[in-house]
Amino acid sequence: MDAKHDVLVVGAGCAGMRAAIEAFDVGADVAMISKIHPTRSHSGAAEGGINAALGNASEDDPEQHAYDTVKGSDYLGDQDAIEILCQEAPDDVYQLEHWGAVFSRTEDGRIAQRPFGAAGAPRTAYAADITGHVLVQVLYEQIVKRDILTYEEYFAWKLVVDDGRCQGVICWDLLNGGLKVIGAKTVILATGGAGRLYTGTTNAYACTGDGMALALRVGVPLKDMEMMQFHPTTLAPTGVLITEGCRGEGAYLLNAEGERFLERYAPNAMELASRDVISRAEQTEIDEGRGIDGNVLLDLRHLGAEKIIERLHGTRELAQTFAGVDPIYEPIPVRPGAHYHMGGVDTDVWGLTALEGLYSAGEAACVSVHGANRLGGNALMETITYGKRAGRHAAEWALSNTTVTVPEGIVSDADSELRELLARTEGERPWKIRDELARTMHENFGVFRREDQMQRQGEIVDRLRERFRSVVVEDKGMLFNSDLTQALELGFLLELAQCMVVCGLARKESRGAHARPHDYPDRDDENFLKHTLVTWHDGPQLDWKPVTMTKWQPQERTY
Ligand SMILES: Cc1cc2nc3c(=O)[nH]c(=O)nc-3n(C[C@H](O)[C@H](O)[C@H](O)COP(=O)(O)OP(=O)(O)OC[C@H]3O[C@@H](n4cnc5c(N)ncnc54)[C@H](O)[C@@H]3O)c2cc1C
């Protein structure tokens, strides 16, 4: 064992940093592992904002926030977890403010809140359109202030399980090469999403679902893996995100005929309907020939130069750089892109998984507060509130238990596995398999899903996994071997893709992000008001878990 801690947090985005801060404040010896520098985590790319019922912009309360979230989730969210999120959110946001988060302000100096999709009141607190950047910097300051150790550029590759509990992590040290074994009484997976399963995604290159796969490999179930959210406004061909904040500020969506087509899909909420509804509307327009080169148009022109420059400065820059369009004068071409994984590691409301000592929080986890469809602004809030809760519980447990053992066999097996991979001199390059995986997931497991396409995707992923067995890492060196870590990431992605397909085929209904207009166009509460649960035994094994209901019975969902 190279080092030992009470609590080890894997991931240093908003969820990981918030968890580490809380664990430290409870009194634990805590460290973080991150494959990239903490402030480069994908959380820093969040633009639009963070949801809490502060009631600064108009009447609002946690109960209204909870109801919107339950409805937005298409009733698949666990209502106990949602109520906790919405109750604790306001204080958690003020805490961020007191730590120095520079939120945008109302005229009278309170935290400003903008309207976001499917929210009954303007509830999204923001720092212009760089909210994630601001939060990541503020949290990192708190990490540095507490002198919390970060194993930077460490790639977590395997979890150590002994005596029926998680007791550490085996990592690849990117900077120096070689395996490092870090023992811990509790481990928190906060490794973020898996958008890199798709070609068109808003997610950073680091979002390869590592933590979900790590959990899966030690027998911990993943929940609702079919639920990948497509964001309605991403730029072609890169998938760079254009924030929902644009529509919050009043932007229109137009088809090739210049029509605000949402009149036909969501006549009341229009551009502020929920993401699944808008993505489907856009895809239908595009499929039926009313798109422009596979896009629809996001029109900001009527907002005026002043508002665009003040509130949506970053968006203007992105549109200019990546699409060659200045939104003051021209509409931005946009289309749906893979954005957020509602599914993830199954946890309770303290972030605890089925394995003692193992926790998860943030996008890697599925508590579940987002159910079948996440509302914009709720993901950042979840990273903070549930990061905090996981940090607290993991620390309290660690402080009441003492021993950490890492059996030698586990480490030597990992070492041989890696040597074998590096010794291979012939085979296929990982990027070929990765590109094929991402392209076919987009084609066969996208905004709309068909039985035959999902089945085909299952066969494709099987074949890709077979090819992956003889993958070759050309870089044999020790220093910054990203060729090696990308191969390991591909292994993670392939397993997650297989889980998604199995869950998608089993859910024979349309709910939230899982839309099957051709065979099962309606939601079926009688048979499918339940979570999919998948574990791995030589392949994905499907199970189901009931949804926790507290106050709200399912209703038809219209906007
Ligand atoms: C472009 C974009 C804009 C968004 N805008 C908003 C918004 O406005 N509002 C909102 O609520 N949500 C938004 N979201 C969603 C939200 O930002 C994310 O869900 C959330 O920030 C994820 O935080 P996280 O801490 O769980 O993971 P991340 O921030 O992705 O961090 C993951 C961490 O895990 C580490 N890691 C991963 N794998 C390994 C490994 N194998 N070994 C070691 N370390 C590892 C990484 O180094 C990183 O530090 C947006 C998402 C995107 C992509």
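Computation of the quantities below employed the complete heavy-atom set of this structure, encompassing side-chain atoms and omitting hydrogens, waters and symmetry-equivalent molecules. Start at 1 and go down the list; that is how both ligands and their atoms are numbered.
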Counting only heavy atoms not in Trp99, do more than 12 fall under 6.0 Å of its CH2?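 Above 12, so yes.
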Any chance CZ of Arg40 has more than 12 other-residue heavy atoms, nucleotides or ligands included, within less than 6.0 Å?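 Atom CZ in Arg40 is not crowded, with 12 or fewer foreign heavy atoms closer than 6.0 Å.
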Have [X] and [Y] got a donor and an acceptor in their side chains that come within less than 3.5 Å?
{"X": "Gln229", "Y": "Asp276", "value": "no"}
{"X": "Glu152", "Y": "His37", "value": "yes"}
{"X": "His370", "Y": "Asp224", "value": "no"}

Describe, in one word, how the ring planes of Tyr359 and His393 are oriented to each other, choosing from parallel (under 30°), tilted (30 to 60°) and perpendicular (over 60°).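 If you compare the ring of Tyr359 with that of His393, the planes turn out tilted.
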Using a 4.0 Å cut-off on heavy atoms, what residues surround ligand 1? Order them by chain and number.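 These residues qualify: Gly11, Ala12, Gly13, Cys14, Ala15, Ile33, Ser34, Lys35, Ile36, Ser41, His42, Ser43, Ala45, Ala46, Glu47, Gly48, Gly49, Tyr154, Phe155, Ala156, Ala190, Thr191, Gly192, Thr202, Asn203, Asp210, Leu241, His339, Tyr340, Gly362, Glu363, Arg374, Gly377, Asn378, Ala379, Leu380, Thr383.
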